[in-house]
2 protein chains.
Amino acid sequence: MLNDYISSNQKRIEKEINRYVQQLSIPLELKNSMLYSLEAGGKRLRPVLLMASYETYGEDVSKVFSSAVALEMIHTYSLIHDDLPAMDDDTYRRGKLTNHKAFNEATAILAGDALLTYSFEVISSDPLLTDREKVEIINKISKCSGPSGMVAGQILDMEAENKEISLEELENIHNLKTGELLKFAITAGAYLGNATEEQLEALEEFSYYLGLIFQVQDDILDIVGDENKIGKSVGSDEINDKSTYPKLLGLDGAMERKNDYVNRAKEALKKADADVSNLSALTDFFSQRDH
Amino acid sequence: MLNDYISSNQKRIEKEINRYVQQLSIPLELKNSMLYSLEAGGKRLRPVLLMASYETYGEDVSKVFSSAVALEMIHTYSLIHDDLPAMDDDTYRRGKLTNHKAFNEATAILAGDALLTYSFEVISSDPLLTDREKVEIINKISKCSGPSGMVAGQILDMEAENKEISLEELENIHNLKTGELLKFAITAGAYLGNATEEQLEALEEFSYYLGLIFQVQDDILDIVGDENKIGKSVGSDEINDKSTYPKLLGLDGAMERKNDYVNRAKEALKKADADVSNLSALTDFFSQRDH
């Protein structure tokens with residue numbers, strides 16, 4: 001049932017993403033490059049989380065489509081830039097050539113810039129949102145993805161390469177690099193659903209643990225995952241001497257830590273004062289995902 | 001007198017830019033890289049134009065500081081990404097090392113991403129603007145700088161390299177690559193100053209010619225300019241076989257064309273129905289600048 005919920009929301013958001021990009025009158029190479037990475041088969045977890053968070057409090061989910069599309073565009077731009085030769089220098093992502101390999105480096109840089117910029121046009125043009133809601137969403141998403149958020153995480157991640165770092169430093173990097181966008185997904189959904197201040201606080205706490213669960217599982221999959229499912233080779237963290245949960249805590253320790261975070265996430269959900277069954281099921285899904 | 005006006009507004013906006021970046025609690029390397037390019041001695045022409053356009057109709061100019069800062073941040077991010085090895089591969093800009101040479105490529109990419117994202121936080125956080133004004137400004141600036149605007153211009157500019165293009169194609173590229181941000185400067189200033197629909201239309205027409213004047217003069221300076229003043233070697237357009245006004249019209253033809261645009265810009269200003277002396281003087285300044 002959760003799988004149906006996820007896949008139907010994936011399809012809805014993919015239709016919206018396509019609609020927003022197709023309506024642009026722009027150079028063909030730019031549009032193709034943007035669409036290539038948007039359609040590269042991601043799981044749309046962030047939009048699905050945003051929609052689930054909204055539906056915990058709100059009614060007509062089309063109210064969050066523009067925010068969900070913008071979020072997926074920002075996530076996608078960050079992957080395109082992250083894969084560049086000067087950054088992680090990746091040739092494949094999810095089993096497909098990375099953007100700069102399928103097009104070229106200049107086009108990949110510009111496609112990323114275009115997706116980031118367009119995400120703000122998407123939100124600010126949405127006739128379903130009030131001006132107050134648009135400003136709040138834009139303010140939230142720029143903070144989560146900008147120099148105090150995701151971009152800070154990417155710089156710190158780079159600086160931590162080939163260095164011994166503590167678990168605390170590791171969690172700070174993950175919170176910034178991946179946690180901030182998950183926080184946006186959860187809090188933006190609840191905000192647009194008119195959650196109260198207390199409910200918003202509970203969901204923000206929930207999103208914090210959800211981000212950590214996501215990352216611990218990522219590290220675990222790099223050891224015990226199935227290469228065909230995760231779409232990249234396993235063991236790359238160890239080869240690259242990356243700081244990971246299993247490296248710092250051992251594989252069993254990392255699993256224990258993850259279960260602890262799942263419990264804390266569900267404790268936070270209890271304070272959300274609503275039917276949180278979808279968010280709770282998504283937490284288990286995140287914790288047990290095999291790719 | 002115009003020089004005093006320009007330099008006092010430059011100083012005000014530089015103080016604001018510095019304040020906005022200094023208040024960020026972010027990794028030092030990222031902050032330094034953002035500040036390095038923001039402080040690389042640009043002429044702040046876009047913020048000055050925005051302020052002059054605002055003052056044609058409005059009172060307290062501090063109302064446009066956030067828009068002017070955001071505009072300069074977006075202009076600066078575009079220069080950082082434009083200079084990258086995969087794009088123009090420049091070592092110097094305005095006589096200083098380009099961002100990726102002073103730092104490294106990954107940091108330069110991220111500093112550009114950070115400036116672009118932060119510009120939307122700057123506008124959406126400004127207590128001096130109403131929600132309606134913030135949404136309108138964010139919508140305008142994302143359109144002018146995104147895939148239908150500046151980024152489209154950069155893709156088309158790349159595609160036109162080493163190709164014969166017509167004057168019409170050349171002007172389309174310039175309109176997108178540099179004209180769109182000038183249009184934002186002029187129309188955002190007038191909008192925040194509460195200009196009428198007719199006044200806004202007149203200024204948008206003005207901004208169109210201003211962008212072209214800017215570009216013709218750029219091409220002319222590449223032939224007759226003083227290297228010490230323009231901060232780069234002259235003759236590079238010819239060496240790179242770039243399509244320029246002098247190449248397509250001859251040097252005299254390019255000068256004539258520029259004077260024609262100055263006349264059209266001033267005709268448009270007459271319809272602006274206000275004291276346009278600063279905008280008129282800035283037009284001459286653009287047309288006659290030696291760097």
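Since the structure is predicted, the reported quantities are computational estimates derived from the model, not experimental observations. So you know, we letter chains A, B, ... as the sequences are listed, proteins then strands, and number each from 1.
The candidate with the highest count of non-hydrogen atom pairs below 4.5 Å against chain A, out of B:Ala86, B:Ala111, B:Ser33, B:Ser25, is B:Ala86. When each of B:Thr117, B:Leu30, B:Asp131 is checked for heavy-atom pairs under 4.5 Å with chain A, B:Asp131 comes out on top. Per-residue counts of heavy-atom pairs under 4.5 Å with chain A were compared for B:Val122, B:Asp113, B:Leu115, B:Ile109; the largest is that of B:Asp113. Taking chain A as the reference chain and counting heavy-atom pairs below 4.5 Å, the highest number among B:Gly146, B:Pro85, B:Ala106 is found for B:Ala106. Each of B:Lys140, B:Arg132, B:Met87, B:Glu29 has some count of heavy-atom pairs under 4.5 Å with chain A, and the biggest count is that of B:Arg132. Your options are B:Asn139, B:Ile26, B:Val151, and the one with the most heavy-atom pairs under 4.5 Å with chain A is B:Asn139.
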- Message: Apply side-chain contact (heavy atoms from CB on, under 4.5 Å) to residues A:Met158 and B:Thr107 and explain how you reach the verdict.
- Response: CA-CA 9 Å; A:Met158 249 169 42; B:Thr107 305; 3.9 Å; yes
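For the pair B:Glu133 and B:Lys63, the salt-bridge criterion is met [side-chain N within less than 4.0 Å of a carboxylate O]. Under the 4.0 Å criterion applied to side-chain N and carboxylate O atoms, B:Glu72 and B:Arg46 are not assigned as salt-bridge partners. With respect to B:Arg93 and B:Asp83, a salt bridge is recorded, a charged nitrogen being found less than 4.0 Å from a carboxylate O.
Between the side chains of B:Thr244 and B:Asp222, not a single donor N or O lies within less than 3.5 Å of an accepting N or O.
Using a 4.5 Å cut-off between heavy atoms, B:Leu24 touches chain A through its side chain atoms alone. Within the 4.5 angstrom heavy-atom criterion, only side-chain atoms of B:Met34, from C-beta onward, approach chain A. With a threshold of 4.5 angstrom between heavy atoms, B:Leu84 approaches chain A through side-chain atoms but not through N, CA, C or O. Using a 4.5 Å cut-off between heavy atoms, B:Glu159 contacts chain A through its side chain alone, with no backbone atom that close.
Going from atom CZ of A:Phe184 over to atom OG of A:Ser67 covers 5.0 Å, rounded to the nearest 0.5 Å.
Side-chain atoms of A:Glu169 come within 3.5 Å of backbone N or O of A:Ser166 as a donor-acceptor pair.
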